[in-house]
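Everything on this sheet refers to the single structure shown next.
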Amino acid sequence: MIKRNSGLANLTAGYLFPEIARRRREYAASHPDAKIISLGIGNTTEPLSKHIAKAMSDYALGLATPEGYSGYGDEQGNSELRAKITETFYKNMASADEIFISDGAKCDIARIQTLFGSKAKIAVQDPAYPVYVDGSVVIGAAGKNGGKGYKGVTYLPCTPENNFFPDLSKVKKNTLIYFCSPNNPTGATASRDELKALVDFANKNGCIIIYDAAYFAFIRDENLPKTIFEIPGARTCAIEVNSFSKPAGFTGVRVGWTVVPNDLKFADGSLVNKDWNRIMTTLFNGASNIAQAGALAALDEQGIKDMTAQVDYYLENGRIIKTTLDGENFKKHGVEVYFTGNGPYVWAKFPGKTSWDVFDKILRECNVVTTPGSGFGPAGESFIRFSSFGHRADIEEACARLSKFQL
Ligand SMILES: *Cc1c(COP(=O)(O)O)cnc(C)c1O
């Protein structure tokens, strides 16, 4: 018999979201009349822009004609889309041959791990989006869960005490640093000075930053950088992973991109960009051409307008949730609420309680599903993530229930 990849065996059972779904199902089965509302999973809910959907529909119909048909495209992506992304987001910061179109940021993060292999040293913000660590475990770069997190991973607590920016002095030389801003789950968005400190640290210590900018479109404060490449020196130490999922509601359509600068090198002096090109052409066969047609439409004048409106809608949901959690019924228990207005998540601390206890209580008493912060890493304990992805009426109903909640 063939042995199982030991990395898979090392993964802790019960990935966060299936466990949430299990508890929700169990509750619903014993309370069939409960109208459960989810402020839990970070999935988009609002319909696609008609303009963007039409571009995909037209492209799809074109595929049924001899003139409009195309088969495999370039594995790196449609060159028009690569140029448009460069011009829209990375003017004077990156060139089109450094932009690689993909089927999404999560998939790219998993593929990026093949660039560095099982010997890579890993550091993550704690709490963090699960794929950074779980993907590292699968590939063997991180070991068994030792109770307070996986072996071989340097967890960098990001808490109210350090203003959600980690103590970089804990990071060893030559480490792969996963950094997400605006952050999932905390919503924290790094300032220019903070990102400069991160970039300077990485350059000085031979580290590479995997910068997850999936929520860049939520940044409304003009002083905050939307891409790591706004920071001088980032081209020699950073890869940026990005996506249309959250700005354009493409969670199901699937288009993302990754920027790998030509100035980024491995220890042996070889170019990371060249190997990334090799990975994408070898393990990937290009993003869907229909989805890429949609992404192109998302970047014209009307598309940008529609994306901005959609993100504004979610940000308003976030403000409604924050206002609710700022209520007296929470305040009297010392609940601390963090919402920056530059990301879709409201992050709240319930002192003295575990995340799962609060999760269960909100589920039982409000019939609202949230996300326990402890599922994102040890430093997420006692926190709950409230997602602003939802229809306004559902958000308002959930908030009406939460405003009567007694902890
Ligand atoms: C949603 C999310 C992604 C996933 O992006 P896809 O392009 O849909 O794969 C990546 N990173 C973070 C932090 C996310 O929350």
Side-chain angles (χ1 to χ4, degrees), residues 85-86 89-100 102 105 108-117 119-126 128-129 131-133 135-136 141 152-156 158 164-183 188-214 216 224-242 256-280:
I85 287 176
T86 313
F89 303 122
Y90 301 101
K91 223 176 207 157
N92 305 321
M93 294 182 261
S95 56
D97 65 322
E98 298 171 324
I99 314 284
F100 295 79
S102 75
D108 266 355
I109 290 161
R111 282 186 289 261
I112 281 171
Q113 295 172 330
T114 66
L115 281 175
F116 304 98
K119 299 287 190 302
K121 281 188 284 201
I122 310 295
V124 292
Q125 286 162 297
D126 176 18
Y129 184 58
V131 67
Y132 314 141
V133 170
S136 303
V153 177
T154 304
Y155 289 86
L156 305 170
C158 293
F164 299 102
F165 189 78
D167 175 4
L168 296 170
S169 70
K170 297 221 161 67
V171 181
K172 298 183 193 80
K173 279 189 183 300
N174 311 322
T175 293
L176 214 49
I177 306 171
Y178 290 92
F179 197 95
C180 177
S181 177
N183 191 269
T189 307
S191 69
R192 199 169 296 276
D193 286 348
E194 287 169 338
L195 286 187
K196 181 159 190 316
L198 178 66
V199 164
D200 289 349
F201 178 90
N203 277 324
K204 199 164 155 222
N205 293 285
C207 298
I208 289 181
I209 303 159
I210 312 297
Y211 190 76
D212 186 339
F216 78 97
L224 296 173
K226 291 193 170 176
T227 156
I228 187 117
F229 297 112
E230 286 182 42
I231 311 301
R235 288 183 52 86
T236 51
C237 69
I239 292 174
E240 179 163 297
V241 182
N242 217 321
W257 72 90
T258 285
V259 187
V260 186
N262 286 320
D263 302 342
L264 186 67
K265 293 180 182 143
F266 291 108
D268 66 1
S270 65
L271 296 186
V272 177
N273 179 291
K274 200 161 165 242
D275 274 1
W276 183 242
N277 191 58
R278 181 68 199 260
I279 296 281
M280 290 302 270

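Quick caveat: nothing in here was measured; it's all calculated off a predicted structure.
One finds the CZ atom of F89 at 7.5 Å from the CG atom of N242 (value rounded to the nearest 0.5 Å). Residue S181 holds its OG atom at 9.5 Å from CZ of F165, rounded to the nearest 0.5 Å.
Considering every non-hydrogen atom in both C207 and C237, the closest pair reads O-CB, 3.9 Å. L224 and S191 get closest at one heavy-atom pair: CD2-CA, 3.8 Å. Minimum heavy-atom separation, N273 to D97: ND2-O, 3.5 Å. Between A141 and G117, the closest heavy-atom pair is CB-O, 3.7 Å. The two atoms that bring R235 and M93 nearest to each other are NH1-O, 2.9 Å, heavy atoms only.
Between R111 and D108 there is a salt bridge, since at least one side-chain N of the basic residue sits less than 4.0 Å from a carboxylate O of the acidic one.
A donor-acceptor contact under 3.5 angstrom links the side chains of D268 and S270, judged on distance only. Y90 and E240 form a side-chain donor-acceptor contact under 3.5 Å, judged by distance and modelled atom types alone.
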- Using the side chain to side chain contact (heavy atoms under 4.5 Å, CB included) rule, take N205 and V171 through it: C-alpha gap first, then chi angles, then the decisive distance, then the call. CA-CA 9 Å; N205 293 285; V171 181; over 6 Å; no
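More than 12 non-hydrogen atoms from other residues, nucleotides or ligands lie less than 6.0 angstrom from CZ of R192.
Between F100 and W276, the ring-plane angle classifies as perpendicular under the 30° and 60° cut-offs.
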